[in-house]
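Notes to accompany the following structure.
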2 protein chains.
Amino acid sequence: MKNNTNVDNQEVKNEKTFVFDEKSCPVTATMQVLGGKWKAILINAIYLTSPARFGELKRSVKGITQSMLTQQLRELEDDGLISRKIYAEIPPRVEYTLTELGLTLSPIMQSMAKWGEEYRMKKQ
Amino acid sequence: MKNNTNVDNQEVKNEKTFVFDEKSCPVTATMQVLGGKWKAILINAIYLTSPARFGELKRSVKGITQSMLTQQLRELEDDGLISRKIYAEIPPRVEYTLTELGLTLSPIMQSMAKWGEEYRMKKQ
DNA sequence: AACATTAGTATTGTTTTTCATACTTACACA
DNA sequence: TGTGTAAGTATGAAAAACAATACTAATGTT
């Protein structure tokens, strides 16, 4: 009969003890804020054209519908990544900018932009 | 009547000329490969536990179902990010590792991990 | 008076993701 | 002979994401 020390167990069953869930995986936390079809592109668009008007985003972000744009912007605002400034004019004007927190995403956006460019080149 | 030069038009309608779509936004290209609920966490998990066995991932990545895991791994493989090594044994053994291309994602994963940690701290 | 403008909301429908469950294979071991 | 094992497949249902369309408000311009 084999003795049953920890060392021996590790030899027998050589499994790593990692756990990946919402609480222990920070990558997941980021994806919850930046995931989905439009979030990352919107952060990028606002970053590059700030201050960005609603209609401007609607025209430049190809394929997004008006209701989707509204919804995604609200969610980004709720997560504290963008801020919304309403001008009391007729017709209305609303400008979106990145908050301080939103600006801290720029390392992610830059590494993603760089990778995306290189990936596209490799695929051809 | 106002004259109609380009300069004048730019003054009248001060719109930026950015366009964001799949072709011109590299961030979108990256998100197409890394988007969804499980992709980023799986890349991270394989990165940290490589070589990662199928059953190991099933246990460590909390909440994922077997069929979802299979499907996501296949897609990552099709995109050239991970490789799959089958051992002709009974019961079967399959090991996943990041490819060279998959490893180039590490700047993204690291910036996402860093941001996620800081975001979690700020929220409390 | 009618129309254009901007930034929306509301409603309904479609498509994509994700989940749950049952089934398979080939061998080793009791 | 029956049971356990690892890495899957197959099927159908549920949930979430996304899209399309019509509508609104207050004002200026034709």
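Computation of the quantities below employed the complete heavy-atom set of this structure, encompassing side-chain atoms and omitting hydrogens, waters and symmetry-equivalent molecules. In what follows, every chain begins at residue 1, and chains take the letters A, B, ... in the order their sequences are listed.
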* With a 4.0 Å cut-off on heavy atoms, is B:Y87 in touch with a base, just the backbone sugar-phosphate, or nothing at all? ->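 It contacts nothing in the nucleic acid.
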
* So do A:T65 and A:L69 actually touch side chain to side chain, heavy atoms under 4.5 Å? ->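 A:L69 does not reach A:T65 side chain to side chain.
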
Any [X] side-chain nitrogen or oxygen under 4.0 Å from OP1 or OP2 of [N]:
| X | N | result |
| --- | --- | --- |
| B:Y96 | D:dA7 | no |
| B:R84 | D:dG8 | yes |
| B:R53 | D:dA7 | yes |

Take the protein atom [atom1] of [X] and the nucleotide atom [atom2] of [N], then report the distance between them rounded to whole Å.
| X | N | atom1 | atom2 | result |
| --- | --- | --- | --- | --- |
| A:K62 | D:dA19 | NZ | C1' | 17 Å |
| A:E56 | C:dT6 | CD | P | 11 Å |
| B:K85 | D:dA7 | NZ | C1' | 17 Å |
| A:R59 | C:dG8 | CZ | C1' | 14 Å |
| B:I64 | C:dT17 | CD1 | P | 15 Å |
| B:R93 | D:dG8 | CZ | C1' | 16 Å |
| A:L57 | C:dA7 | CG | P | 9 Å |
| B:E95 | D:dG8 | CD | P | 12 Å |

Can you name the side-chain contact (heavy atoms from CB on, under 4.5 Å) partners of [X], sequence neighbours left out?
| X | value |
| --- | --- |
| A:K114 | A:E118 |
| B:K62 | A:V19, A:D21 |
| A:A29 | B:R120 |
| A:T97 | A:S50, A:P51, A:S83 |

* **A:K122 NZ: over 12 foreign heavy atoms closer than 6.0 Å** =>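 Enclosed.
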
* Side-chain donor/acceptor of B:S60 to backbone N/O of A:F20, under 3.5 Å ->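 Pair absent, no side-chain N/O of B:S60 close to backbone of A:F20.
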
Residues 85-93 of chain A, side-chain donor-acceptor partners within the protein, below 3.5 Å, at least two apart:
residue	atom	partner	partner atom	Å
A:Y87	OH	A:E95	OE1	3.1
A:E89	OE1	A:R93	NE	3.3
A:E89	OE2	A:R93	NH2	3.0
A:R93	NH1	A:E95	OE2	3.0

* To do: Between B:F54 and A:M68, name the one whose nearest nucleotide on DNA chain D is closer to the 5' end.
  =>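 Its nearest nucleotide lies further toward 5', so the answer is B:F54.
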
* To do: Not counting sequence neighbours, list each pair that qualifies as a ring pair (Phe, Tyr, Trp, His ring centres under 6.0 Å) and has a residue in residues 102-124 of chain B.
  =>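 Ring pair (Phe, Tyr, Trp, His ring centres under 6.0 Å) check on residues 102-124 of chain B returns B:W115-B:Y119.
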
* **Residues within residues 37-47 of chain B bordering DNA chain C, heavy-atom distance below 4.0 Å** =>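 The stretch gives B:K37, B:W38 as the residues lying under 4.0 Å from the strand, ordered by number.
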
* **Nucleic acid contacts of residues 69-78 of chain A, taken as heavy-atom distances under 4.0 Å to DNA chain C** =>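 Of all residues in residues 69-78 of chain A, the ones placing a heavy atom under 4.0 Å from DNA chain C are A:T70, A:R74.
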
What nitrogen or oxygen pairs link the protein and nucleotides 21-30 of chain D at under 3.5 Å?
none

Please list every donor-acceptor pair under 3.5 Å in which a side-chain atom of residues 32-47 of chain A meets a protein atom from a residue at least two apart or in another chain.
residue	atom	partner	partner atom	Å
A:Q32	NE2	A:E22	OE2	3.3
A:K39	NZ	A:E75	OE1	2.9

* By side-chain hydrogen bond (donor to acceptor under 3.5 Å, both in side chains) - contacts of A:T70 (at least two apart) ->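 So A:T70 forms no side-chain hydrogen bond (donor to acceptor under 3.5 Å, both in side chains) with any residue.
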
* Set of side-chain hydrogen bond (donor to acceptor under 3.5 Å, both in side chains) partners for B:T99, sequence neighbours left out ->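 Once residues adjacent in sequence are excluded, B:T99 has no partner under the side-chain hydrogen bond (donor to acceptor under 3.5 Å, both in side chains) criterion.
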
